[in-house]
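Structure, as structure tokens:
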Amino acid sequence: MTAIDRSTLHIGPMTDEEVGILGRWAADEGWNPGRNDLDIARAIDPEAFIALRRGDELLGGGSIFSYDGRFGFMGLFILRADVRGQGLGAWLWQTRARLLEQRLQPGAGIGMDGVFAMVPFYARGGFQLAYHDLRFEGDAPVLSEPDGLSELSSVAFETIAAYDRACVATPRDRFLKAWLAQPGAIGRCIHENGVLRAYGLLRPCVTGYKIGPLFADTPDHAERLLTGLLARIPGQRVQIDVPEPNAAGLALAGRFGLTESFGCARMYKGPAPELPIERIFGVTSLEFG
């Protein structure tokens, strides 16, 4: 391998074309991004994608998503395979972290989901391990949608956003509105006596579908909701990312025949949010929080 002269390299904002390349790299790595994930993030935060280039040649990249300056999330950290092993990844990651901190309000926290092997590296950068997010996947069984579920679109967005705010690190109304309205998505909820008890979204991915978020008051609400979502895609490949401390969520995924296939370490730099893990049965996205 020929060593790369760093004086020929540049780190800066990505172009639309480069964001598309990053998405294809993520698919090649087996991360199976949602078909609309990067476009949504790009529209909400145009500065969220950072490139490492040699001239016009993309060598690596990643996202530094800002939720209106109140909270940040790092993801999609990829270095092209042929330039790995030369310290470029560390340089790119550290630069991205610094750029994101500059875009946030003083004292704002940053989250990320990193592969287990990189936890010591991220810890040296000031991130602390909170817990693991575990991916479960399999083919959706043939099910009947249970009674008591409603189309998510039948509920006022402000009601959904208020429920969402209790389960995430910071209010994310602009992001959530776009996320729920993405092409091909299927949203369901449990709305009892005028009170929202659970909501979830199924979205198309490079392969099959992902469920996220799936937030619910109780394991029973989560099971009914997951049944309704899976009933819409019998035989299709589906994935859901569950926080490991939510034992009921792990058991629920197993009851539907989904098996653990991947995991990430949820880490935070700065103040870690106090999340109701027992209500989080499906993480929205390992790339954007």
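It should be emphasised that the depicted structure is a prediction, and the values quoted were computed from it without experimental measurement.
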Handout entry: Minimum heavy-atom distance between Thr15 and Arg42, given as atom pair plus value
Key = C-NH2, 3.3 Å
Handout entry: Contacts of Ala90 that satisfy side-chain contact (heavy atoms from CB on, under 4.5 Å) - sequence neighbours left out
Key = Gln94, Phe121
Exercise for the section: Quick one: list whatever passes side chain to side chain donor-acceptor pair (under 3.5 Å) with Thr159, sequence neighbours left out. Expected result: none
Handout entry: Check against side-chain contact (heavy atoms from CB on, under 4.5 Å), Leu59 and Leu92
Key = CA-CA 10 Å; Leu59 303 183; Leu92 173 60; over 6 Å; no
Exercise for the section: Go through the structure and list residues passing side-chain contact (heavy atoms from CB on, under 4.5 Å) with Glu278, not counting sequence neighbours. Expected result: Pro276
Practice task
Report the C-alpha separation of His191 and Leu196 in whole Å, then their side-chain angles, then the decisive distance to 0.1 Å, and conclude whether the side-chain contact (heavy atoms from CB on, under 4.5 Å) test is met.
Solution key: CA-CA 4 Å; His191 198 230; Leu196 189 61; 4.0 Å; yes
Handout entry: Pairwise ring pair (Phe, Tyr, Trp, His ring centres under 6.0 Å) hits with a residue in residues 27-51, at least two apart
Key = none
Handout entry: Salt-bridge present (Arg135, Glu260; N to O < 4.0 Å)
Key = no
Problem - Residue pairs, two or more places apart or on separate chains, that pass salt bridge (charged side-chain N to carboxylate O under 4.0 Å, His left out) and touch residues 61-74 - result: Asp68-Arg70, Asp68-Arg174
Practice task
Mind checking side chain to side chain donor-acceptor pair (under 3.5 Å) for Arg24 and listing every partner two or more places apart, or none if nothing turns up?
Solution key: none
Handout entry: Glu57 atom CD, neighbour heavy-atom count above 12 within 6.0 Å
Key = yes
Practice task
Take atom CD of Glu158 as the centre, draw a 6.0 Å sphere, and report whether it contains more than 12 heavy atoms from other residues, nucleotides or ligands.
Solution key: yes
Handout entry: Ala253 versus Phe136, closest heavy-atom pair with distance
Key = CB-CG, 3.7 Å
Practice task
Output all residues satisfying side chain to side chain donor-acceptor pair (under 3.5 Å) with His132, sequence neighbours left out; order by chain, then residue number.
Solution key: Glu244
Practice task
Return the orientation label for the Tyr67 and Phe175 ring planes: parallel under 30°, perpendicular over 60°, tilted otherwise.
Solution key: perpendicular
Fill in the blank from the handout: Tyr199 meets the side chain to side chain donor-acceptor pair (under 3.5 Å) criterion, sequence neighbours left out, with Asp164
Please report, to 0.1 Å, the donor-acceptor pairs under 3.5 Å made by any side chain of residues 211-218, with sequence neighbours excluded.
from	atom 1	to	atom 2	distance (Å)
Asp217	OD1	Tyr163	OH	2.7
Asp217	OD2	Arg197	NH1	3.4
Thr218	OG1	Asp220	N	3.4
Thr218	OG1	His221	N	3.1
Thr218	OG1	His221	ND1	2.7

Completion exercise
Across all chains, not counting sequence neighbours, the side-chain contact (heavy atoms from CB on, under 4.5 Å) partners of Pro146 are Leu149, Arg224, Thr227
Exercise for the section: Using the test side-chain contact (heavy atoms from CB on, under 4.5 Å), find all partners of Arg98 that sit at least two apart in sequence or belong to another chain. Expected result: Thr95, Gln102
Handout entry: Side-chain heavy atoms of Leu229 within contact of Tyr209, under 4.5 Å
Key = no
Fill in the blank from the handout: Closest non-hydrogen atoms of Met74 and Ala97, given as atom of the first, atom of the second and distance, are CE-N, 3.8 Å
Practice task
Could you pull out the closest heavy-atom pair between Asp45 and Ser66, with the gap in Å?
Solution key: OD2-N, 2.9 Å
Problem - Test item: Leu275 and Tyr131 side chains (from C-beta on) under 4.5 Å apart, heavy atoms - result: yes
Completion exercise
Quick note, ring pair (Phe, Tyr, Trp, His ring centres under 6.0 Å) partners involving residues 263-289, not counting sequence neighbours, are Phe65-Phe288
Exercise for the section: For Glu287 and Ser285, test the side chains for any donor-to-acceptor distance below 3.5 angstrom and give the result as yes or no. Expected result: yes
Practice task
May I ask you to say whether Arg203 pairs ionically with Asp37, meaning some side-chain N is under 4.0 Å from a carboxylate O?
Solution key: yes
